[in-house]
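What follows is a set of notes on a single structure, which appears directly below.
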Amino acid sequence: MAEETETDELAFGQEAESEEAGTGEEEKADALQRWVWADMSPDEREQRLTELVEWVEWLVDTYELRNQVARCWYRHPRLIELFSALFIGWVRTYVGDPTKLSTRAELDWIKELYAVLPRLNSASCQTSHVAPPAATYSMRQTFDTWLAQMDRQFLDAPRSHPAKGQAVKLAKAKRQEKRAKAKAKEAGTGRSD
């Protein structure tokens, strides 16, 4: 029970402080933005990663995931992002506004955990950390090269929507049908007079 209290204090300390200070919606938005890792100061990044490590440790123990989570997950940016998303979802589910949650919110969060579980490991880090290989290309660089090429069929193709031509044909047919019905009606009323 004492462990849960310490984790809760770490996870929700900032939110509790802002509620005590009587802050508004702006501070709530800032609290969520603190998980945009690239937007954090180095000190904040270290503090939040420490908080996340403690939560992941609780998660691994609670759900018995020792063999399914890389021990060095905090050294892999993709795993940090996945655990951050799980943590934020957990906070919203278990501590968020109860009026905005479904009656199955907790079960839904657990389903999401198990859906992501196969991605929470690193095959190369079974006994010790192995850094992922450096990227062999820059997607932005190859895109810029492609963008500068003379033959850019996808971007330079004339506007054309296959369904638009069909829609025009259908509309034309509908107008012709209405005209024909109107003429038939006129012809029918002309005979009866």
Side-chain angles (χ1 to χ4, degrees), residues 15 18-19 23-40 48 52 55 59 63 65 68-69 73 76-123 132-193:
E15 288 83 354
S18 37
E19 287 177 10
T23 58
E25 292 298 316
E26 186 177 319
E27 283 79 5
K28 287 180 184 177
D30 287 343
L32 291 177
Q33 289 175 357
R34 68 191 172 114
W35 295 101
V36 179
W37 294 97
D39 194 36
M40 294 180 197
R48 297 300 164 219
L52 190 59
W55 180 79
L59 182 74
Y63 289 91
L65 306 174
Q68 295 162 297
V69 172
W73 66 266
H76 298 273
R78 74 173 177 86
L79 296 177
I80 291 172
E81 292 293 339
L82 285 170
F83 278 116
S84 298
L86 283 170
F87 177 67
I88 295 298
W90 181 81
V91 169
R92 288 179 180 152
T93 300
Y94 289 94
V95 185
D97 183 354
T99 63
K100 295 181 181 179
L101 294 176
S102 73
T103 56
R104 298 176 41 92
E106 291 82 1
L107 286 175
D108 289 341
W109 183 87
I110 292 169
K111 284 180 189 177
E112 292 300 321
L113 167 65
Y114 284 108
V116 173
L117 193 57
R119 295 171 183 85
L120 296 179
N121 211 333
S122 177
T136 57
Y137 72 96
S138 161
M139 189 179 299
R140 180 59 194 219
Q141 185 178 15
T142 56
F143 174 74
D144 288 343
T145 301
W146 174 78
L147 201 56
Q149 292 175 352
M150 297 301 285
D151 183 23
R152 306 177 328 157
Q153 290 179 358
F154 175 73
L155 294 177
D156 296 335
R159 290 179 64 171
S160 169
H161 194 298
K164 187 176 183 179
Q166 185 63 28
V168 169
K169 287 179 186 178
L170 290 172
K172 186 176 178 181
K174 189 73 168 172
R175 285 192 302 269
Q176 288 175 346
E177 184 182 330
K178 282 185 179 181
R179 284 186 201 131
K181 285 182 180 179
K183 283 185 181 182
K185 188 175 182 181
E186 281 179 20
T189 55
R191 282 189 223 163
S192 61
D193 285 343

If we only count heavy atoms from C-beta on, is the Lys172 to Gln176 side-chain gap below 4.5 Å?
-> yes
Check Phe87, Trp35, Tyr94 against Trp55 for a ring-ring contact (aromatic ring centres under 6.0 Å, His included) and give me the one that passes.
-> Phe87
Nearest heavy-atom neighbours spanning Arg119 and Leu82 = O-CD1, 3.6 Å
If every non-hydrogen atom of Leu52 is compared with every non-hydrogen atom of Ser84, which pair is closest and at what distance?
-> CD2-OG, 3.6 Å
Any side-chain heavy atom of Leu113 sitting closer than 4.5 Å to one from Leu59?
-> yes
CG-CD distance between Leu107 and Glu112, expressed to the nearest 0.5 angstrom = 12.0 Å
Pairwise side-chain contact, Lys169 with Gln166, heavy-atom cut-off 4.5 Å (strictly under) | yes
Reported OH-to-CD distance for the pair Tyr114 and Gln68, which is rounded to 0.5 angstrom = 7.5 Å
Can you find a heavy atom in the side chain of Trp109 that is under 4.5 Å from one in the side chain of Arg92?
-> no
Just how far is it from atom CG of Leu120 to atom CZ of Arg78, taken to the nearest 0.5 Å?
-> 8.0 Å
